[in-house]
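Below is one structure; the comments refer to it alone.
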2 protein chains.
Amino acid sequence: MSGAPPTQTAQGTKGPRTWQGVRAEVLRRIRARDWPPGTMIPNEADLARELGCARATVNRALRDLAEAGVLDRRRRAGTRVAATPVRRAVLQIPVIRDEIAAQGRDHGYRLLSRALAAPPAATAAALALPEGAQALHVRALHFADAQPFVLEDRWIAPEAAPGVLDADLARISANEWLVRHAPFASGTLSFGAVTADAGLAGLLDCAPGTALLRLDRTTSDGARMVTAAALTYHAGYRLRTTI
Amino acid sequence: MSGAPPTQTAQGTKGPRTWQGVRAEVLRRIRARDWPPGTMIPNEADLARELGCARATVNRALRDLAEAGVLDRRRRAGTRVAATPVRRAVLQIPVIRDEIAAQGRDHGYRLLSRALAAPPAATAAALALPEGAQALHVRALHFADAQPFVLEDRWIAPEAAPGVLDADLARISANEWLVRHAPFASGTLSFGAVTADAGLAGLLDCAPGTALLRLDRTTSDGARMVTAAALTYHAGYRLRTTI
DNA sequence: AAGTGGTCTAGACCACTCC
DNA sequence: GAGTGGTCTAGACCACTTA
């Protein structure tokens, strides 16, 4: 139910005294319509008594189901079965090199351009740059077995990524440099579709007019915006995940 | 760092005696390169002593960071900072009606077709249907304020969704019917871009050749495949999430 | 005002895995 | 075999929210 099993200890039928067992039992009652959507379920203390375990165990199970969107929990108001379950899918966003390597293909990389420039207004806003400030603009192409895989078009705020101006981005992609030097950031992600113009078509080796998947991403180190990147994938690329 | 704040109690700087405080402190040390990627960090008991809290509190914090992909934890082997951090983004997949309502727009719905038929081979395989078996094929259009929002093209295995053949899919969308009657399922999800042909362009009110975001989804109730759906969104639609 | 979930503690045992 | 994380317990206090 949850995106990934919370633990590796994913055995078959857990007794009801483990938190996985409690979760399974609660899920069973929901699926069996003992507790239809919208129903208020017993509070943690009562459930713990009924199932013969500690309240902390029940709490762990219910918290997990709430994170999965199955339950709706609120203090004082209690816990109810979600009326319209919101599914949560966990997307894995690997480093481009790793994604290609995971397919058993060779990763290639070519820096197309690198320049300090004033970004377009939208990008400047996304990076929270002051008026007229410059940023590092990098365009690069990643290959899988010599086939174009994804075009990386990235703006980096130099102050937020010290050292990036000295990095040899012809050898190591900005993607990887940032992962190594400004790791564990937070940010936003959005997906859309774009039509390949002549330039994109040439770079990604497809016909002009082809529909391509594009991922836009902004990254913050927790305090400052570090980078805004647009990744345009080759034709036919699909992003996969499981619910 | 984690997809969503695990609790609503997202205050500023938590003292180090809460699990959020421990998480913040660990994250700070990682970002400050006190613990570079690949480093083994102290075990839970030591960290708890150092930070002056219970081991369970440290466990909660480290487990959260491990779920976020920041840490790599293994029994006996200990906890280390992930060498190549795999970002995990949590995607919210709401019911279409709710997604439109959340934008403050009116949801409209029109059933285009409904028929029992033998699905194409790929779909039959996705639904694990026996040779020549029939499935319910539903095509419908969702509107936001009378503008086409998304085309739903869905195959449903009737045996796995008892009652669906009697459902009035002209009034309630298959999307919603399934959520209500076969909830809390698991499945796969994949995204891609497609070019609008004349038919799609007409339905989604865009020019032929426009690039559209398409989401393919299969759903299982845990034992059997229930449905395979393709959702093709209107031009300009973006799927957003945060890391 | 009161009841519910959210969290912390201190201790214990277990399961897994690396040495 | 030993050390690490994974989990459970019993009790306690707190924070929030709603009646």
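Hydrogens, waters and symmetry mates are skipped; everything else that's a heavy atom, side chains included, is used. Just so we're on the same page: letters track the sequence lines, and every chain starts at 1.
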Output the rounded distance in Å from [atom1] ([X]) to [atom2] ([N]).
X: Arg60(A); N: dT7(C); atom1: CZ; atom2: P; result: 12 Å
X: Arg49(B); N: dA10(C); atom1: CZ; atom2: P; result: 12 Å
X: Asp72(B); N: dG5(D); atom1: CG; atom2: P; result: 12 Å
X: Asp64(A); N: dG6(C); atom1: CG; atom2: P; result: 13 Å
X: Arg80(A); N: dG5(C); atom1: CZ; atom2: C1'; result: 14 Å
X: Asn59(A); N: dG11(D); atom1: CG; atom2: P; result: 17 Å

Examine the base of dG6(D) for any acceptor or donor lying under 3.5 Å from a partner atom in the side chain of Arg55(B), and report the outcome as yes or no.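 Present.
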Does any donor-acceptor pair link the side chain of Arg75(A) with the base of dC16(D) at a separation under 3.5 Å?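 No pair found.
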Within the structure, does a side-chain N or O atom of [X] lie under 4.0 Å from either OP1 or OP2 of [N]?
X: Gln20(B); N: dG6(C); answer: no
X: Arg17(A); N: dT9(D); answer: yes
X: Thr79(B); N: dT4(D); answer: no
X: Arg74(A); N: dT4(C); answer: no
X: Thr57(B); N: dT7(C); answer: no
X: Arg63(B); N: dG5(D); answer: no

[X]: which residues meet the salt bridge (charged side-chain N to carboxylate O under 4.0 Å, His left out) condition with it, sequence neighbours left out?
X: Glu50(B); value: Arg29(B)
X: Arg240(A); value: none
X: Asp216(A); value: Arg214(A), Arg238(B)

Show the numbers, then the answer: is there a ring-ring contact (aromatic ring centres under 6.0 Å, His included) between His142(A) and Phe149(A)? CA-CA 5 Å; His142(A) 295 258; Phe149(A) 188 80; 8.2 Å; no
State which of [options] makes the closest approach to the side chain of [X].
X: Trp19(A); options: dC8(D), dG5(C), dA2(D); result: dC8(D)
X: Ala56(A); options: dT17(C), dT9(D), dT7(C); result: dT9(D)
X: Arg76(A); options: dG5(D), dA2(C), dG1(D); result: dA2(C)

Under 3.5 Å, side chain of Arg80(B) to main-chain N/O of Thr39(B), donor-acceptor pair present?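 Not at all, since once roles are kept as given, no pair shorter than 3.5 Å links the two residues.
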Using side-chain contact (heavy atoms from CB on, under 4.5 Å) as the criterion, list what pairs up with Phe143(A), not counting sequence neighbours.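 With neighbours one apart ignored, the set is Arg110(A), Leu141(A), Pro148(A).
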Contacts of Thr227(B) meeting side-chain contact (heavy atoms from CB on, under 4.5 Å) (sequence neighbours excluded), chain-then-number -> Arg154(B), Ile156(B), Leu178(B), Thr219(B)
Any residue of residues 40-48 of chain B with a heavy atom less than 4.0 Å from an atom of DNA chain D: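 Those residues whose heavy atoms fall under 4.0 Å from DNA chain D, taken from residues 40-48 of chain B in numerical order, are Asn43(B), Glu44(B).
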